[in-house]
Amino acid sequence: MSDSLQFDRAGRLRHFLTLEGLPRDLLVRIMDTAESFTSVTEQQVKKVPLLRGKTVVNLFFENSTRTRTTFELAAKRLSADVLNVNIATSATSKGESLLDTIRNIEAMHVDMFVVRHAESGAAHFIAAHVQPHISVLNAGDGRHSHPTQAMLDMFTIRRHKGDFSRLKVAIVGDVLHSRVARSEILALNTLGAREVRVVAPRTLLPASVTGSLGVRVYHDFDQGLAGVDVIIMLRLQRERMTGAFLPSEHEYFERFGLTEARLAKAAPDVIVMHPGPINRGVEIDSRVADGPHSVILQQVSNGIAVRMAIMSLVLRGSDDAFPGVVL
Amino acid sequence: MSRERIAIVNGRVIDPASGTDAVMPVYLAEGSIVALGAKPDGFTADRELDASGLVVCPGLVDLCARLREPGQEYKGTILSETRAAAAGGITTLICPPDTDPIVDTPAVARLIRSRSQRAGFAKVEIMGAMTRDLAGKELSEMYALRDAGCRSVTNAQFPLANPLVLRRAMEYAATCGLVVVIRPDEPSLRGAGCVHEGVVGGRLGLPGIPVTAETVAVAQALALVEESGVQVHFGQLSSARAVEMVAQARARGNPVSADVAVHHLHLTEEAVGSFDAHAHVLPPFRSTADRLALRRALAAGAVGAICSDHQPHELDAKLDAFPSTESGVAALELLLPLTLQLVDEGELDLATAVARLTCGPADIFGMPVGRLAKGASADLCLFDPRTAWSVEQGQWLSSGRNTPYWGRPMKGRVWATLVAGELVYRVDGSVFGTA
């Protein structure tokens, strides 16, 4: 599926919904742009006037303070005006349709919706129905896609490892319910990673995982970790115990939790990542989460630069780039 | 019933029930067929229809179509949907009981019947609810439903509390002489699924419905049929394995039959594309191998009928994130052209295709329609198998525009439809509005 919805007639990125169908060059450009923004975020005055006069609306149908905060900071550092709309506790619970909610906020002359929604396809639906001058940025839809998270993870990997073509990457845990895993797999394959593995019990993998996602599947954690350069741990939701996916957190940690002993099976300079929030003692041991291989907090700080890069690429009104910033 | 005496001349008459396929005249009087071929003595036509280049066949019989009345008139009405049926060459419609109120009492069955008779565009039969309020727990009053004209009972897409309820419902329905219709669907395996559990659902992160949601329900019902000998009809099968199970049960002499929805013979999980809500349908469009198996089972006769599984919706029903949209396709007007496409693709010969739309479904429910015999009700469809057209506003009569085929080219067009000897549709529009 090449998602033509994401590009305008001139072939420029109009919405950022999924990494499916995005060319490698574009992913590299996002990372290059993010690189130039990291200096901005480290300055005393952490602002560039790139999106001055633009209005970004964080439209969160699902609560997530962390993700919303990084989008808000990214937009503010680009000098955009930011409006936070938390729909989980407002309009749709009063029976307003998704489309009506969009129409109402659209009428306030905004430029970008940053959308988070519990259902797969929500960002696509909104992108297909907004006015032509509005861009939609997917901040996570159901189990489908979380493309900015995947890009900040790629950016973090690149900063540590450089060339993707040598890398073996293991994604561990609840792939079935994970939009992060789906987007990361797409990104890693597009960027030419040597091998992408998923490690999980069968209850936490999509039925046709190799056909639909393009990965090597491991059900044994130790085998799956052998020689890998990057380990991405996924968050395990508590409700998986009640849905007959798993018997207990204890047994899960025994078999699929990342401990120091297990980490020794991976390459000596392995990096450990997690999209957060982490469940210590469920999918990851504290000594690993806080240990020397962990880059989990760097992921968080990289998130702002990467989201600035994506917002500016999608929203730039003209091609005259801000001096010193690669667009 | 029309008192008009009509001669349909020069048409290619295809009546699969009798094996007829020849150019011959058909004579109608008093709402019935009075002769095929030789003109009866003293017959003078009030009206002659020149069917040169057309196929003349029995009016189509659709085993599953929702008209939405009573209760959901914002989606469709008996008038709007039976008009669409007439334009699709369909003269008999069988409707599931999931209206509001539900058809678990004779009063609702009679209401639908009388309103459809007043509309006059098609014969409407109603499946009774198998359980009270379709709640899956207590039996409905099946004798009363039968006396109100129902030939079958079903719980439609709603689950039964347990297999014991199904067993008792089958036994009681058989006592009343009713056919049991099952839409096989094990709810715990379907869960919150909205697409086929396969490659596309995996990629889009849409909750999947495994094939076992269908096959487990089919296996359970087949085991009960083997024990009791009760006649069961499976509606809208979607998977290769399910039609294989039905074929095997038939080969062992069990009284089971099956139909498929016409769009399942053409579309696969790929139709979901990039979250296209028009491809949100239950059971879901499955794999290419499943689609091929459905076509083969149809040709071999294990699947005896093609239905529209017509489910018209208002526009808003499809305007949301994919999992929140309502499932279903409006398909009355595409039942014939999509079936003819199977003939073009070499899957069926024309006579078999017509059989699966006429005598095939009629025989499953024991209905005296779907055949061109002397003395039979003059329900006919005249169609041009070659006319090309495209699915668009202006020609579309159903209130539901929810079809993945919007804007797509079709071949084969109904030219005229007659119900009990009355012209209810002509492609030039000349008879619309008379009812």
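Below, chain A is the first sequence line, B the second, and so on; all start at residue 1. Here the structure is a predicted model, which is why all the values come from computation and not from measurement. Worth knowing before you read on, the calculation uses all heavy atoms, side chains too, and leaves out hydrogens, waters and symmetry mates.
If you run side-chain contact (heavy atoms from CB on, under 4.5 Å) between A/E119 and each of B/P323, B/C194, B/P207, only B/P323 comes through.
Using a 4.5 Å cut-off between heavy atoms, A/H129 contacts chain B through its side chain alone, with no backbone atom that close. For a residue to count as touching a neighbouring chain, one of its non-hydrogen atoms must lie under 4.5 Å from one of that chain's; by this rule B/P210 does not touch chain A.
The number of heavy atoms from other shown groups lying within 6.0 Å of CZ (A/R103) is above 12. By the 6.0 Å contact criterion, CG on B/L164 is enclosed, its count of non-hydrogen atoms from other residues, nucleotides or ligands being greater than 12.
Taken to the nearest 0.5 Å, the OG1 atom of A/T18 stands 8.5 Å off from the CG atom of B/L204. Distance CZ/B/F275 to CG/A/D141: 5.5 Å, rounded to 0.5 Å. If you take NE2 on A/H124 and CZ on B/F322, they are separated by 12.5 Å, rounding to the nearest 0.5 Å. Note that CG of A/D100 is 10.0 Å distant from CG of B/L319, once rounded to the nearest 0.5 Å. One distance of note links OG of A/S97 with CG of B/D320; it measures 7.0 Å at 0.5 Å rounding. Rounding to the nearest 0.5 Å places CG of A/L17 at 8.0 Å from OG of B/S274.
Chosen from A/R179, A/R143, A/H117, the residue pairing most often with chain B at heavy-atom distances under 4.5 Å is A/R143.
Heavy-atom minimum distance, A/S120 versus B/A321: O-CB, 4.4 Å. The two residues A/H144 and B/R203 come nearest to each other via the heavy atoms CD2-O, 3.9 Å.
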Residues A/F125, B/T325; criterion side chain to side chain contact (heavy atoms under 4.5 Å, CB included); working and verdict: CA-CA 11 Å; A/F125 171 75; B/T325 58; over 6 Å; no

